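As structure tokens, the structure follows; a few thoughts come after it.
The chains referred to below are lettered A, B, ... by the order of the sequence lines, with proteins before strands, and numbering in each begins at 1. Computed from a prediction, not measured in an experiment: that's the story for all the values here.
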Amino acid sequence: MKPKSLAEMTVDELVERFAEIGVAQYKAIDDDNNAKFRKLYKQMDEVDHELRSRGRDARLALTRLYTYPNMQVRLAAAKWTVGVAPEAARRALEAIRDFKWPPQAMDAGMTIRNLDNGTFVPD
Amino acid sequence: MHAIANRQGLTLPNLAVATEQSGTNWNDRDVQLFAKLHDDNGAQARSLEKIFNPGSAWDPAKHPRRPAGQSDGGEFQPRDGGDGGASPIQPVADHWPRNDPDGPGDPPKIPDKEPESGRAANAIRKAVVRWLVRAAAVATDVIAPEVVLAVQAAAEAATWVWPYTRSYFDKPKTLEELQAAVQNPREGYEVHHIVEQTPAKNDGFPLSQIDGDSNLALVPTLKHWELTGWFMRPNKEYGGMSPREYLKGKDWETRKRVGLDGMREIGVLKP
């Protein structure tokens, strides 16, 4: 059976897809596979674009992933939702940073710095 | 628990503990070895102590828990009529599991003899440290302390692994200390360029500046690799570019600021 295109997926399916990609990113990072990570980053961006095309509530659906049992999924969900849920996303980033789970903790800490110094302008 | 609390200056919560001896007998060395694994969590533990420890600032009326007997019994819940913001922990969404992340996976196998392939040896060193740090972060019902101790003991016994593991748990140092240490290179540590050297060379910065004393620091090898990995990965806050790509064409001070911030966040440089 042909897999669904992103446009054919429900919001819930898109959130699940985002999480799947995040889990694969986690493995790519642990395996030092940057080429794989780059591919997965593009895929995640495509999911984000599809959610954006459906409005703010669709984007907010990603906030469900703040407590997903994989740190890379939590991190990505927080980064991709800073623009629509700034306070909750920041709390999620702070929690990841403070949990000290490598390497996502360092990444979350840098994201918070970049929010504070204006490098990261959420959209 | 006592050993960890003593090391970190915490008051022990009033929790029921086992009254019968079961499982592995721990000696003092085992206890101290395990307690040490949690040192980096001290700041977080002290900030949470005020919320979670009876006898401190924790007030059950302000931070109610779900009733015992339910599947989520004991977990914090929003106050009635409140927005949930007063709870120290946000309610967990129904269809994701508890707030704990997945555990660190199976304990890594550590051969007595260093693999001939440098790549294989480095992969094991990295897996050991990541496993130990992640195991220390999750609850003890996810990973039993005895399992963690066994991995730590195996890492200590493997002389080709231990310097890399031990160095990872170094406390953050001042920049001056890290720069001075460059004169004393040793196993488990690498010389790190605060401003990445190859991109700086490509952008025409002089070698005297790139390799100058002020740009060099001796850091734990495995933290060095984590930091380098972060520089290489595409990142949302840099518009999808990697930090390395983002810094192309930027001035020395901007590169240095990012480099130093990275060292702070990875835990090698004091805040």
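- A donor-acceptor pair under 3.5 Å links the side-chain atoms of B:R125 to the main chain of B:W160, judged by distance alone.
- For A:D32, the parts lying near chain B are the backbone and the side chain together; criterion is any non-hydrogen pair under 4.5 Å.
- For a heavy-atom cut-off of 4.5 Å, chain A lies close to B:G240, B:S242, B:E245, B:Y246 in residues 240-249 of chain B.
- Contacts of A:L115 with chain B are absent, with no heavy-atom separation under 4.5 Å from either backbone or side chain.
- For A:D107, the parts sitting under 4.5 Å from any heavy atom of chain B are the backbone and the side chain alike.
- Counting heavy-atom pairs under 4.5 Å between each of A:P103, A:A105, A:A76, A:A88 and chain B puts A:P103 at the top.
- Most heavy-atom pairs under 4.5 Å with chain B, from the set A:D123, A:I29, A:N70: that is A:I29.
- A centroid separation of less than 6.0 Å is found between the aromatic rings of A:W80 and A:Y41.
- Looking at A:Q72, neither its backbone nor its side chain comes within 4.5 Å of chain B, counting heavy atoms on both sides.
- A salt bridge is defined here as a Lys NZ or Arg NE, NH1 or NH2 lying under 4.0 Å from an Asp or Glu carboxylate O, and B:E196 with B:R255 fails to meet this definition.
- Listed for the B:T221 side chain is a donor-acceptor partner under 3.5 Å among the backbone atoms of B:G188.
- When the ring pair (Phe, Tyr, Trp, His ring centres under 6.0 Å) test is applied to B:H193, no partner is found at least two apart in sequence or on another chain.
- Contact of A:R38 with chain B is made through backbone and side chain together, with heavy-atom distances under 4.5 Å.
- Distance alone, capped at 3.5 Å, is enough to place a donor-acceptor pair between the A:R56 side chain and the A:V84 backbone.
- Inter-residue side-chain proximity for A:R54 and A:L14 is flagged as met; some heavy-atom pair is nearer than 4.5 Å.
- Checking side-chain atoms of B:K223 against main-chain N and O of B:M263 turns up no donor-acceptor pair under 3.5 Å.
- Using a 4.0 Å cut-off between a side-chain N of Lys or Arg and a carboxylate O of Asp or Glu, A:R113 and A:D116 do not qualify as a salt bridge.
- Note on A:D31 versus A:K36: no salt bridge recorded, every NZ/NE/NH1/NH2 to OD/OE distance being 4.0 Å or above.
- Both the backbone and the side chain of A:D30 come within less than 4.5 Å of a heavy atom in chain B.
- For the set B:N235, B:L227, B:V133, B:I266, the count of heavy-atom pairs under 4.5 angstrom toward chain A peaks at B:N235.
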